[in-house]
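Indexing begins at 1, ligand by ligand and atom by atom, following the structure's order. Count residues from 1 along the sequence.
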Amino acid sequence: MRVCASPRAGSGCVPEGDTVWLAGHNLRRALAGERLVRSDFRVPRYATTDLSGRKVLDVASRGKHLLWRLDDGLSLHTHFMMDGTWHLYRRGQRWRSPAFEARVVLETERWQAVGFRLPVLDLIATKREDEVVGHLGPDLLGDDWDADEATARLEARSGMAIGEALLDQTVMAGVGNVYRCELCFLRGLDPWTPVSEVPDRRGVIDLAKRLLELNRHSARHVTTGVDRPGRTHWVYGRQGMPCRRCGSAVRKPDQPSYGSERIVFWCPSCQPSQERKGAS
Ligand SMILES: [Zn+2]
């Protein structure tokens, strides 16, 4: 079983909060209560670390962070960033990613969990998890989701562009670039609109929650309601193609302001800038 199918960078999809939630959900279902019989860290810092004998108590997701809680008071903390993933295999099953990309392998009697391309991999005391996830806003897929708190945190960033604020994990945890772009489209918002000028901020938060919930059992991030290849997104990854709603060419900036992995895609007609709105 491949529990977290976050495709490779450049394939049009990156891990979002729902991807990490699904990984945690499947890993927890298979491994909670199981004892590790072997561990293999392939990062220099933990090259000699051996977790065999530890029992897995829980695997929890928080935004794009995944925490393996072990019975000796340690947590293995990983972050997916743009391209990381965990796969779950039956022991002896062939891996679907190249071995040189594996950063850690955890084995029980029946299962092998492999973390590929994880840029963040730390062993920390479970009671100190707050130091790595405590800064995050409410988790869109967490049991303790709090829409009022997320709205208040969004509104506190009144001068920030909505497209940037949605990526800010201290506002709410779980929205990555796909959902950021799609949320702005679905709400008709120019991504550069200041938060203070977004008419229904709570509506944006509620829609983010709905989209992640709809997709949490799938490896894909469908926002159009059409789960077919090439039809899943309104604007994300569709620069130069006709907008599905109005036919205008979907755009992306000539000079991305958030780094190349964070390119914003938008439809200039469905998401008019404030100036153009005023002029029309
Ligand atoms: Zn359009």
- Message: Taking salt bridge (Lys or Arg N to Asp or Glu O under 4.0 Å) as the definition, give me every residue that meets it alongside E107, ordered by chain and number, with sequence neighbours left out.
- Response: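 Result, salt bridge (Lys or Arg N to Asp or Glu O under 4.0 Å) vs E107: R38, R91.
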- Item | Ionic contact status for D200 with R202, cut-off 4.0 Å |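 Looking at R202 and D200, the cut-off is not met.
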- Please report the closest heavy-atom contact between L36 and T108, naming both atoms and the distance.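 For L36 and T108, the tightest heavy-atom pair comes out as CD2-CG2, 4.1 Å.
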- Query: How far apart are the C-alpha atoms of D71 and R35, what are their side-chain angles, what is the distance that settles it, and do they pass the salt bridge (charged side-chain N to carboxylate O under 4.0 Å, His left out) test?
  - Reply: CA-CA 9 Å; D71 68 345; R35 205 166 283 285; 3.7 Å; yes
- In Å, rounded to the nearest 0.5 Å, how long is the span from CG of D139 to CH2 of W145?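 Here the interatomic distance stands at 8.5 Å.
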- Task: Can you list, by chain and residue number, the protein N, O or S atoms under 2.8 Å from the Zn ion (ligand 1)?
- Result: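 Only C243 SG, C246 SG, C267 SG, C270 SG fall inside 2.8 Å of the Zn ion (ligand 1).
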- Item | Partner of V264 by side-chain contact (heavy atoms from CB on, under 4.5 Å), out of R251, E164, R180 |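 Of all the options given, the one that passes is R180.
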